[in-house]
Each structure stands twice: as structure tokens, then as C-alpha cells.
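Chain letters run A, B, ... following the sequence lines, proteins first and then strands; every chain starts at 1. Excluded from the calculations below are hydrogen atoms, water molecules and symmetry mates; all remaining heavy atoms, backbone and side chain alike, are included. Owing to the predicted nature of the structure, the values given are computational and were not obtained by experimental measurement.
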Protein chains: 2
Amino acid sequence: MTDRTIAKPSAPTLEAVAAHAGVSRATVSRVVNNSPKVTDEVVAIVNAAIDELGYVPNRVARSLASRKTQAIAVIVPETASKVFDDPFFSSIVQGVALHLAGTEYTLSLLMETENSSAKTRRYLRGGNVDGALIVSHHVSDHSYTQLGATVPMVFAGRPLIPEAVASYYVDVDNVEGARMATNHLIELGHTRIATIAGRTDMPGGHDRLAGWRAAMAAAGLDDSLVAHGDFSPADGAAAMRALLERGEPIDAVFSANDQMAVGAYSAVRSAGLRIPDDISIVGFDNDRYAATASPPLTTVDQSPEQMGEAMAGILLRLIDGDETVPNATMMPLELVVRESTAPRR
Amino acid sequence: MTDRTIAKPSAPTLEAVAAHAGVSRATVSRVVNNSPKVTDEVVAIVNAAIDELGYVPNRVARSLASRKTQAIAVIVPETASKVFDDPFFSSIVQGVALHLAGTEYTLSLLMETENSSAKTRRYLRGGNVDGALIVSHHVSDHSYTQLGATVPMVFAGRPLIPEAVASYYVDVDNVEGARMATNHLIELGHTRIATIAGRTDMPGGHDRLAGWRAAMAAAGLDDSLVAHGDFSPADGAAAMRALLERGEPIDAVFSANDQMAVGAYSAVRSAGLRIPDDISIVGFDNDRYAATASPPLTTVDQSPEQMGEAMAGILLRLIDGDETVPNATMMPLELVVRESTAPRR
DNA sequence: GTGAAAGCGCTAACAC
DNA sequence: GTGTTAGCGCTTTCAC
């Protein structure tokens, strides 16, 4: 086999392969696309020609003709540093990458820059990709929804705006997760359970507070111990301090996310109290703050990586024209019990 | 004017704009591409038609005709989790994204998966992108070098294999950085300076050891205190332990990276010694381990973000056919003095 | 300055 | 099964 793969200046075209193999371009195209209706013999000849010439199909030409790009975009309307530092985002992208690895699709990562929203829209409408995944904490970014009619897309998280009802999204049942976390505390015998809630204008913040309320109500407990924060450790510390300063007894806390829970740790300690001996704490997210906290934080695991995988899977089905895809897909949530919670003394 | 912009299933084409504006397709194309040779009047008419129709050029068709994709790939032959967890990788990608934000280029992120090396090669040769950035710690991945003839590419880090001499890369002067770090220790009055070297089959490991040797030799100091590790904290601890067990006096240590330096911290303490009182330690990389270590680690900052920006800039010049781009571009290195180093007592 | 026409490299009917 | 013939939507000479 003359395997002379000399680096030619211009890549060989399908036409060159056809000539070399003595068949038509259509046949070469069929072979390249694994069409079943080609003689094994011809397939062999064509493949030999392909190898000999080192032919690689031009994806752009292919895309133009087939109207498929075999690429999807992951749009994260956040700065690059945020995207890489926030484990939620990075895990989702990881999940997407994982799912795509088993396919022929490639991934384009679009992050927000100054006013790149317009740039992103043009990108989406310019036929660069077959579909898009929108990942954001900000509800407002469901504004991309309108483009859903042009190109299939799947969102991470439930849309808050009503116009987006018809959009596709993958989410976790935050209400249920918060309920699980709170019930865990209740089962341990705690009765004075506070919550450090997040911003309620975000679906997650809103629903987690609702879940806590639901669990408290179901157990007939007082649900007045509420403080709010914006999901950062500093906010968690401040919220915990505020809770403690009320002077009312508190034997457990449910925090809307791990970062605030870890912030609460320091406030609890500054008050001379121990975790979990005096106060049990449960977080939400199971991010890296949770596992490395001391003591390790009991939390609700939402596996953003699985979420990313699910999003990619759904998008691909949408691209394939699957009409049976449900608008909402809920991911399972799991309580991870660690050492920050203990039975009431 | 019959301005019925009803949401058509298929996007308006350049042809539709031409018809709407009463000009030829060529003229519309010229307007879209800001050609100077079009009357202001005509430009206005065409732009009006574009707005009215909500026309967005199809990038794929454009790419096929112009033979430019306006996209570059960032290839990181590592698993997605590694890419996102290792600050070196994520910072480079951030830098690239930053640079690209000011251009019309988009970024495709390709991470390694099982046997995706072949997939990546096809991607590169398939005309998906105008150029590629290869970011890896593994020298072997300079194997992509051969493709450099097909599509422009820029590597992060100097190639170790000789065949790659003609490739483009951005790197830091590791020898100089190690020398700076070591000289800092020497200037503080230390004389028994050990080094925890990395793997010498990696350019960084090799050169940092060489820099330490050079500085020690220049100062006429003994350069026998050498231990090796594979860049992890555990390796750093083991290496430090080995150094200490020699029983020879040591008053300072230069570690080939921050992670090993932090590992050395624990070994030093287990031996009942204090940092920097008994032993001064300098790291390399200025990653997040360095800043959060206690005491904060004096280290050499290599700013991978700037490196990413530089790589993107160089690649774009290469794509533009700039013949004056040098093969090697060295990024400045800076010593960040923190509290892990102190004058000899 | 503007238009006509010829592709870019491939896929997709439609014949044979 | 295989070849023929049109395009996909745009850029780009080349005339005018």
C-alpha cells in the first residue's frame, strides 16, 4: 500500500477521491456517510482511495449542503473567570462534554463579554450550531428564549418568566430538595430550625425557601427564623449573625447553598457555639465548599454534571426532531449526610 | 411598503435582501462586508432592507465561499474535569476568551476524551477552524505539530521534541524564573538552599531545576540538595521529608511548583520546624494554593491568563498570514514575595 | 460603483 | 447500486 501521506498544500477533495477510485462523487459521499446502499466491493475501493489521499471531508461544505453543523453551543452569560471558578458552571460543561464525547458533535463555548449578547444572538442565528444550551443563574437570560423558535435550545433551570413556558429546561426539584434537607433536621429531633435563604427572585432561592417552609409546616414547627443572603460565604455569615442576634434558641440551620452554609460556620463559632454539637447545619449544592469544610457539610447534591449530560441529551433529541421531549426534565436530588448534622442533644 | 415580516420558517437569505433592496446579491455582500466601494446611498438602502428582514448572514455559506471560519479551537488534551480544576488551564482559556472578545472570532473548546485524539485531528483537518491553540502539560501532545502545516497553531509551552522546532509557542522563561526565586533566597542570606524539583522530562521541570543550579553556582553555593516529585502536594511532602532526613542543614527551599511547596509545608512542620523562621520556601506558578497557604507562599507568577491572551493574539496574526511572527514568545515572569520567606536568622 | 456569473466542497433528489 | 444534476448561501473575479 503506497502510504505516502505527504503534506499537500491544499487538502484533497471528495472529487479527487472519486477520480482516484473511478466512481462518482455521489458514491464517495455515500461511503463517507455510511450509506447502506453501496456494494462492499466499492466501499473498499473508495476507502482505499480515501486512505491513500488522506482525505478528510470538509465540514463546512458538508454543513452547507446538509444544513447541519454537528456542533452545539454552550452559552454561559457570565465572565470567563466566573465560568471557570464556579463549580456549578464548570460541572455542567463537564457533563455536556462527557455526553458529546460519545457523539460526533463538537462544543462551542460562548461566554459573556462586554456587550456580546448581540454577538451571541448573531452567532445563534447565523447557523453556526445546530442547537444551544443556556446556562445561567440569571433568570433574565431566558431572553434567549425567543430564539428557541430559530434554533433548538435547552436551559439550565426553570424559567421564571411566563413567556418562556414553552421552552425546554432541565432543573432540579428545589422544593423537594429543601424539604429533604429540612426533614433530615427534623428527624434528628431539631425543632428550632432556621433557614438562610437566597435571593427569592431566582428560582433556586425561591423554591428552596418554599421547601423549607413546607417541611416546617408539615411538622407543625415555627417558620419564622428566616434570614436572607446572596449566596456568598460573607452573606451566609451575616445572615447567621442576624439569626443569632435575635436571641431566640436555634438548634439547626438549613442554608440555601453551601457557600452561605460555610459562611455561617464562622458566625456560629464566633458566637462560641459548636457544629454540630450546638447547631446542626445543612447546605445545598454539594460543591467543593461542602466537602472541604470542617466539619464536612451535610448537603443536598444536585450533580450539575449529570444535569449537563441530561441537557446535552435532550438537545440532541430536539435536534433530531424528537417531538416527544417534555419541556421540563427534573434531575434527582440526593441528601449527602456528613458531619455537620447530629441528633439533638 | 408591504412590510409583512411574518416569522418565516427559514431565515431570510442574502438574495431576499437583494430583491428587497432592488440591488444585486454582490452589492449586498459588499455592504455586509463593509466594502468601501459602495455608494453611501446604496449602503443605506441595503442596510434598511437588512434591518427590515432581520437578515443575518449564514456563517457556514460564508465560510465555504471565503475559506475562513472565523473560529479557532482551543485544544486541551485533558479530561474536562482537569481542564476546569487546574487553574493553569482555566486561566489560559480565560485569557484566550478575553482576547477573542475583541474580535469576531469564536472559540471552540476541545477536550480530550477516550480516544478523541483522532477525532480532534479530523476536526482540525476538516476545516472547522482557522487555527488552533494547543494547551497541555504533556510534551507528547506536541504531536499535533505535524498538523501545523495544515492549519496554523500555537502551543503553550516550549516543545521538547526537536521536530517541533518550527512550531509556534508561547512560554515563560522557566530558567530565569527559577533563578529569580533562588536569588531571592540568596539575597535573604540563605546558603543551604535545597530544591524540590519536578519531573525533568517536562520542559518546566527541567528548566526550573537548571535555573536553581545556575543561581546556586553563580553564588558559589552547594547544589547537592535536590529531591524530585511529580508536582502534587503529596510528592512535595515526600520530597521535603527525604531532604530533611539527610540530616544536613537546610535553611531554604525552592520548589518547582506551588502545589509541591504546600506539600513541603506539612513535612517541615512535622519535623518541628517553622516557616519562615527556620526554613524559607519559594514556589512557582502563583496558583490558588500559593495565596491561600499559611503562611502565604512567596512564588513566581507566570500569569497564564496573559499567556492565553498572547497565544490568541499570535494565532490571529498567523491566520492573517503575518510572516514576521517569531516562533518563540516569552512571557514576563514576576517574583511575588509573600510571607513564606524571611532573612536568615 | 454595480451586476453577472462562476464557483467554494459537499449532499440529496432523481434517474438509470 | 450508481451516476447525474441541482443546489446549500455566500464571495469573488470579471466585465460594464
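- A donor-acceptor pair is defined here as one N or O able to donate and one able to accept, closer than 3.5 Å; no such pair exists between the side chain of B:Thr39 and the backbone of B:Glu41.
- Listed for the B:Ser29 side chain is no donor-acceptor partner under 3.5 Å among the backbone atoms of B:Arg25.
- Counting heavy atoms from C-beta outward, B:Thr329 and B:Ile314 have side chains that approach closer than 4.5 Å.
- For the residue pair B:Arg62 and B:Asn33, a side-chain donor N or O sits within less than 3.5 Å of a side-chain acceptor on the partner.
- B:Val96 places a side-chain heavy atom less than 4.5 Å from the side chain of B:Leu107.
- Checking side-chain atoms of B:Asn58 against main-chain N and O of A:Gly127 turns up no donor-acceptor pair under 3.5 Å.
- Within the helix from C:dG1-D:dC16 to C:dC16-D:dG1, the inter-axis angle between the opening and closing five-pair segments is 30°, rounded to 10°.
- A close approach under 4.0 Å does occur between a side-chain nitrogen or oxygen of B:Thr27 and OP1 or OP2 of C:dG3.
- Using a 4.5 Å heavy-atom cutoff, the side chains of B:Pro152 and B:Asp130 are not in contact.
- A distance-only check finds a donor-acceptor pair linking the side chain of B:Asn327 to the backbone of B:Ser167 [under 3.5 Å].
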Item to check | Nucleic acid footprint by protein, nucleotides 9-16 of chain C - heavy-atom cut-off 4.0 Å, B for base, S for sugar-phosphate alone | outcome: BBBBB---

